[in-house]
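These numbers come from the heavy atoms of this one structure, side chains and all, not from hydrogens, waters or symmetry mates. Each ligand, and each atom within it, is numbered from 1 in the order the structure gives.
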Amino acid sequence: MSAVHETDVAIIGAGPVGLFAVFECGMLGMRCHVVDALDTTGGQCAALYPEKPIYDIPGYPRIDAAELIVRLEEQIAPFKPACHLGRQVEKLTPQGERWLVETADGTRIDARAVIVAAGVGAFGPNRPPLPGIAAYEGRSVFYLVKRREDFRGKRVVVAGGGDSAVDWALSLADVAAHLYLVHRRGKFRAAPESVARLEALAASGAVEMVVPYQLAGLEGAAGQLEAVIVSTLDGQTRRLDADVLLPFFGLAMNLGPIAKWGLDHDRSHILVDPASCASSAAGVFAIGDIAHYPGKLKLILTGFAEAAMAAHAIYPLLHPGQALHFEYSTTKGVPGL
Ligand SMILES: Cc1cc2nc3c(=O)[nH]c(=O)nc-3n(C[C@H](O)[C@H](O)[C@H](O)COP(=O)(O)OP(=O)(O)OC[C@H]3O[C@@H](n4cnc5c(N)ncnc54)[C@H](O)[C@@H]3O)c2cc1C
């Protein structure tokens, strides 16, 4: 069995909020280990929309999601967090006043406090139930767009009726050789300005609207699509010649192993005290998308503030009886800068 890493705070989830928690803990002199099931840091920002601009990060009128993660990495670098990527945390077990965090591959972290910043949990796309789709996934069926350029000159089928489907249809229309948008209804659940832009592109012929159709089958060989079959509810079918299918049917939210850790939770959130982000278990905190309390706003900036609150609530656990002297970063600076 591998050695146990000892630390002050174990952070489960290296999304934007988990990363910022390293900063807030670091500013109070607390060392962190961070674990994420994905191979990269950045959570949803890196995995789902790296090239999309975010407009509501204070101080950045516009910043691409991937760039935000680069900036957060830079901001936490002085605190030298240990990152364990590509490892899903399976177990969280109390050990007296401390906690043992264990991953599926046997990594063990012993910490005084735990911050669960696990976003939507074990997130994955809602996959369309098409026979044989697994053989195409990662080769010509993708659930996210990492680089628009990968689709240049391709015949692309985007499927779905929400913001992601509409936004990616708009974004890829000028790189794809042909872009179809398949939706089972004529009405889209997306921002009105985006729908208006989509209608304009459809009128100009840059996007072919395939409505009201739904995905019915795939044709191709060795993982490479040749066509996507779509059908109406009354059974009329069409064959769309295509190289790539991008289904955007939302994220499946599932707490995964977290549901078994004995923390008060509803179906997909951990319930916390909004003043401290403390969960129902002493020493375990939850922040970011996974944390819930009345009035919660699921925004990155909310998660950043929750990281600060959790860090301040954790400090007395590591320094019992010692008053925390509140200081601004302008007063104390950042170690090593
Ligand atoms: C298309 C899109 C656009 C968005 N636009 C905006 C926007 O403009 N502004 C805004 O504020 N927000 C936006 N959001 C929401 C924003 O991305 C989330 O609020 C944010 O990512 C939450 O951060 P987080 O760190 O809490 O969780 P996440 O980013 O979800 O990261 C959680 C991490 O925890 C990991 N994890 C989960 N379970 C485990 C486990 N058991 N073991 C190990 N690791 C685990 C996951 O792999 C993941 O990497 C958008 C979201 C989407 C999908």
Side-chain angles (χ1 to χ4, degrees), residues 10-23 33-58 60-69 72 76 83-92 101-105 107 109 114-126 143-146 160 162-168 171 190-191 194 248-261 263 265 268-270 272 277 285-292 296-307 310:
I11 299 173
I12 301 172
V17 175
L19 293 179
F20 193 63
V22 173
F23 179 83
H33 275 240
V34 186
V35 194
D36 203 295
L38 302 178
D39 289 334
T40 55
T41 57
Q44 295 174 51
C45 293
L48 299 180
Y49 60 107
E51 292 186 345
K52 276 197 172 194
I54 307 178
Y55 299 98
D56 55 358
I57 302 298
Y60 291 102
R62 172 196 160 127
I63 184 167
D64 283 359
E67 177 66 12
L68 173 65
I69 300 307
L72 285 166
I76 66 174
C83 284
H84 308 270
L85 298 178
R87 296 165 207 203
Q88 184 171 50
V89 176
E90 291 287 336
K91 284 199 208 157
L92 179 62
V101 173
E102 292 177 87
T103 68
D105 74 340
T107 302
I109 301 163
V114 174
I115 296 179
V116 185
V120 290
F123 72 83
N126 285 320
Y143 299 102
L144 60 102
V145 175
K146 283 214 162 149
D163 280 309
S164 291
V166 172
D167 287 357
W168 283 121
S171 170
S194 307
F248 293 115
F249 297 126
L251 275 185
M253 290 178 55
N254 172 7
L255 280 181
I258 299 169
K260 298 186 216 133
W261 297 346
L263 311 172
H265 64 277
S268 48
H269 299 103
I270 298 173
V272 299
C277 291
F285 297 75
I287 60 175
D289 276 13
I290 201 160
H292 187 73
K296 164 83 181 200
L297 278 180
K298 274 196 191 181
L299 287 174
I300 295 169
L301 69 88
T302 315
F304 287 169
E306 291 164 357

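The distance from ligand 1 to the heavy atoms of Gly288 drops below 4.0 Å at these ligand atoms: 26 (O). Under a 4.0 Å criterion applied to the non-hydrogen atoms of Gly43, ligand 1 contributes the atoms 29 (O), 31 (O), 48 (C), 49 (O). Of all atoms in ligand 1, numbered sequentially from 1 with element shown, those under 4.0 Å from a heavy atom of Gly13 are 33 (C), 34 (O), 35 (C). Each of the atoms 23 (O), 24 (P), 25 (O), 26 (O) of ligand 1 lies under 4.0 Å from some heavy atom of Val17. Set against the non-hydrogen atoms of Ile54, the atoms of ligand 1 under 4.0 Å away are 7 (C), 8 (O), 9 (N).
One distance of note links CG of Asp289 with CD1 of Ile300; it measures 8.0 Å at 0.5 Å rounding.
Atom 30 (O) of ligand 1 has as its closest protein heavy atom Gln44 NE2, 2.8 Å. Closest to atom 27 (O) of ligand 1, if we only count protein heavy atoms, is Gly119 CA, 3.2 Å. For atom 11 (O) of ligand 1, the closest non-hydrogen atom of the protein is Ile300 N, 2.8 Å. Scanning all protein heavy atoms for the shortest distance to atom 33 (C) of ligand 1 gives Asp36 OD2, 3.4 Å. Shortest contact from atom 39 (C) of ligand 1 to any protein heavy atom: Ala118 CB, 4.2 Å. Nearest protein neighbour of atom 26 (O) of ligand 1, counting heavy atoms only, is Asp289 N, 3.0 Å. Here the protein heavy atom with the shortest distance to atom 6 (C) of ligand 1 is Tyr49 OH, 3.8 Å.
For His269, the ring-ring contact (aromatic ring centres under 6.0 Å, His included) partners two or more places apart in sequence, or in a different chain, are His292. In this view, Phe304 and Phe20 satisfy the ring-ring contact (aromatic ring centres under 6.0 Å, His included) rule, not counting sequence neighbours.
In this structure a side-chain-to-backbone donor-acceptor pair under 3.5 Å is present from Thr302 to Leu297. The main-chain N or O of Gly303 is never found under 3.5 Å from a side-chain atom of Lys298 such that the two would form a donor-acceptor pair.
Nearest-heavy-atom check against atom 41 (N) of ligand 1 across Ile290, Val89, Thr302 picks out Val89. Of the listed options Pro16, Ala286, Gly15, Pro16 places a heavy atom closest to atom 23 (O) of ligand 1.
Ligand 1 is never approached by Gly256 to a heavy-atom distance shorter than 4.0 Å. Residue Arg87 places a heavy atom under 4.0 Å from ligand 1.
With a heavy-atom cut-off of 4.0 Å, Leu299 touches ligand 1 through backbone and side chain alike.
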